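Computed from a predicted model, the values in this text were never measured in an experiment. A note on names: the letters A, B, ... follow the listed sequences, proteins ahead of strands, and every chain is numbered from 1.
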There are 2 protein chains.
Amino acid sequence: MNLPQKIAGVNKNSIPRLVQYKYVLKKVLASGSDRVYSNELADAIGITAAQVRKDFSLFGIMGNKRGGYSVSDLLGIIQRILGSQPGQDVIIAGMGHLGIALSNYKGFEKEGICIRAGFDIDPVKCGVQGNIPVYPFSECEGYISNRNIKVGILAVPADAAQLVLDVMVRGGVEGVLNFAPVHLMAQRSCVIHDVNLGVELEFLLYFVNALNNRGGKA
Amino acid sequence: MNLPQKIAGVNKNSIPRLVQYKYVLKKVLASGSDRVYSNELADAIGITAAQVRKDFSLFGIMGNKRGGYSVSDLLGIIQRILGSQPGQDVIIAGMGHLGIALSNYKGFEKEGICIRAGFDIDPVKCGVQGNIPVYPFSECEGYISNRNIKVGILAVPADAAQLVLDVMVRGGVEGVLNFAPVHLMAQRSCVIHDVNLGVELEFLLYFVNALNNRGGKA
DNA sequence: CCCTTTTTGTGAAAACTATCACATAAAAAG
DNA sequence: CTTTTTATGTGATAGTTTTCACAAAAAGGG
Ligand SMILES: NC(=O)c1ccc[n+]([C@@H]2O[C@H](COP(=O)([O-])OP(=O)(O)OC[C@H]3O[C@@H](n4cnc5c(N)ncnc54)[C@H](O)[C@@H]3O)[C@@H](O)[C@H]2O)c1
Ligand SMILES: NC(=O)c1ccc[n+]([C@@H]2O[C@H](COP(=O)([O-])OP(=O)(O)OC[C@H]3O[C@@H](n4cnc5c(N)ncnc54)[C@H](O)[C@@H]3O)[C@@H](O)[C@H]2O)c1
């Protein structure tokens, strides 16, 4: 399984948007206001107001005709949909450059996500890196099963990625955010979400190149 | 402009796949083989063979009935489509954790991408970080225009992102890979591609939570 | 209290994307 | 040379996602 086919008729693209709405709503709430309109949310994340309302409609979220939405209510509902309760524990395998960057990022804890530990085969990386303890990779499976960790971040080189995934899955993770540029296969049921930063950069380059009326070059 | 609406009737989703095909083709070529079938490419990136052939069909790429594709030919064609010639210069604004990780990543140069320099307002970050020179941010605009840099990576805090984008665009960049979790607006024509790692992680968490038959919780 | 304004909620339509299925070509086998 | 096998290329189909457009509800003004 790489991504679940379908969760109850929901448009899959609306999930990342819900997360973005959440970010915006927190900002609006912090700014003191408790009222927000679909067009404001739309502008804040660069989409149309109709799209915002359609997303809400899909999840049965209702506002007030003419009165917009209560920011705090909306935030609560979206957080419930996303399942973002405090204390969502995550571990990182591979405390190289990317693992370090992720472990130091302050933004996750604001969303109730707690990066508990890192694991690495390199003894030099073990000890304490910034915020979190880093253990030898041999302890990874046990840590996951003992602490009932459900989600892991995979930030090891591509060669090691499948092997590391297998260990995590044996430990009991149910979801993995994979940064290694390879397609992985989980033995048991485990959702794998790939983030390939190389692809993202080359995707951008394609558009930049294409708009620069490349075409005479070949 | 956030992403160009349409480039010549091409399915936008096929572009990241082309990049992935390219990665696979390079591996296959390195392994000695010069022949590949649509189902092999499909398996390697976790999609269907029909999808692979449809992507190729869309770009007018043709193989041999029954004989699959010549790996080297295919690679050449895809690289031409993507515009991936050697020496695509990129700069990074914000040499914090993420900027450092990206600047140290070896995978980019294999694709002809060269990260030339970093820029940061923090004098402590300036000098040489790993592979690349890091200059004060005040020099960013001049560097971009003098060296005709077309693409920038934005890895500064969200507060500073719009300001930093404006400087980059004034310098003359035509594309920006934005890691800051905010929606940005370019003054002039500049393609902005957002990568929001928080959203990616929370997207995964949604599926993990949803599959764990959450629902009785509310 | 009624009229105007504004913003929601949502079916219907449009646009986009993926899958199917099969004709077609070429290689291999007989 | 003919038959069989295998994999491509693509029109047709199915599915998904976004946009449109407008009725309906609520707020506010006169
Ligand atoms: N850094 C980037 O900007 C970037 C960009 C694109 C893709 N990626 C991908 O992200 C992943 C991580 O990148 P990085 O730059 O952090 O790499 P890195 O080399 O800096 O770090 C990898 C870490 O994994 C550890 N490791 C290796 N094998 C292991 C194993 N079997 N078990 C546990 N730990 C192991 C290494 O000791 C090292 O600390 C790689 O797959 C890379 O291709 C990174
Ligand atoms: N690190 C992560 O894992 C992670 C995860 C999700 C999102 N992000 C986002 O990516 C961006 C970078 O994250 P990070 O962890 O590298 O942050 P960081 O704080 O480590 O680094 C930010 C860097 O930007 C520099 N900077 C600040 N203002 C600047 C300006 N005006 N001009 C030039 N440089 C400036 C700072 O000096 C610092 O070196 C942030 O927007 C963050 O929200 C990061």
Side-chain angles (χ1 to χ4, degrees), chain A residues 2-21 25 28 33-71 73-74 77-78 81 183 203 206-207, chain B residues 2-21 24-25 28 33-71 73-74 77-78 81 203 206-207:
Chain A
N2 226 45
L3 264 187
Q5 290 314 316
K6 197 80 176 168
I7 304 277
V10 168
N11 174 349
K12 202 169 54 166
N13 293 359
S14 65
I15 305 297
R17 285 194 298 261
L18 283 188
V19 178
Q20 290 182 281
Y21 300 146
L25 290 171
V28 174
S33 175
D34 194 55
R35 202 122 286 275
V36 75
Y37 301 98
S38 60
N39 71 305
E40 294 174 335
L41 287 170
D43 290 350
I45 75 173
I47 60 175
T48 66
Q51 177 83 83
V52 173
R53 294 200 303 275
K54 195 64 167 180
D55 283 340
F56 290 175
S57 172
L58 226 68
F59 287 98
I61 297 174
M62 309 205 93
N64 315 307
K65 286 253 157 91
R66 218 199 139 180
Y69 304 83
S70 154
V71 176
D73 289 0
L74 193 49
I77 295 170
I78 290 178
I81 293 168
H183 175 68
F203 179 72
Y206 168 81
F207 285 106
Chain B
N2 225 45
L3 264 188
Q5 290 314 316
K6 198 79 177 167
I7 304 279
V10 168
N11 174 348
K12 202 169 55 169
N13 294 358
S14 66
I15 306 296
R17 286 195 297 263
L18 283 188
V19 178
Q20 290 183 282
Y21 300 146
V24 175
L25 290 171
V28 173
S33 175
D34 193 55
R35 204 121 284 275
V36 74
Y37 301 96
S38 59
N39 69 305
E40 295 174 336
L41 286 170
D43 291 351
I45 76 173
I47 60 174
T48 66
Q51 177 82 80
V52 173
R53 294 200 302 276
K54 194 64 165 179
D55 282 340
F56 289 175
S57 172
L58 226 69
F59 287 97
I61 297 175
M62 310 206 91
N64 315 309
K65 284 251 157 91
R66 210 182 153 192
Y69 305 82
S70 154
V71 175
D73 288 1
L74 193 49
I77 295 169
I78 289 178
I81 293 168
F203 179 71
Y206 168 81
F207 285 107

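- One interatomic measurement links the two molecules: CG of B:Asp73 to P of D:dT8, which rounds to 15 Å at whole-angstrom precision.
- Contact record, B:Gly67 with B:Tyr37: C-CE2, 3.8 Å, taken as the closest heavy-atom pair.
- Separating the CG atom of B:Asp55 from the C1' atom of C:dT19 is a distance of 13 Å, rounded to the nearest angstrom.
- Between C:dT19 and B:Gln51, a contact under 4.0 Å exists linking OP1 or OP2 to a side-chain N or O.
- A:Val10 approaches A:Ile15 most closely through the heavy-atom pair CG1-CD1, 4.1 Å.
- Sorted by first and then second residue, the salt bridge (charged side-chain N to carboxylate O under 4.0 Å, His left out) pairs involving residues 33-53 of chain A (not counting sequence neighbours) form an empty list.
- Within the nucleic acid shown, A:Arg35 has no heavy atom closer than 4.0 Å to any nucleic acid atom.
- Heavy atoms of A:Thr48 sit under 4.0 angstrom from primed sugar atoms or phosphate atoms, though from no base atom.
- Between A:Ser38 and A:Tyr69 the shortest heavy-atom distance is N-CE1, 4.1 Å.
- Here D:dT8 presents its P atom at 18 Å from CZ of B:Phe59, a figure rounded to the nearest Å.
- Between A:Asn13 and D:dT16 there is no side-chain polar atom (N or O) within less than 4.0 angstrom of OP1 or OP2.
- Residue A:Ser14 comes nearest to A:Asp55 through the heavy atom pair CB-OD1, 3.2 Å, listed as atom of the first residue, atom of the second, then distance.
- An OP1 or OP2 oxygen of C:dC16 is reached within less than 4.0 angstrom by no side-chain nitrogen or oxygen of B:Asn11.
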Protein-proximity profile, nucleotides 4-13 of chain C, B/S/- by nucleotide at the 4.0 Å heavy-atom cutoff, equals -BBBBBBBB-
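- The structure places CG of B:Asp73 at 14.0 Å from CE of B:Met62, a figure rounded to the nearest 0.5 Å.
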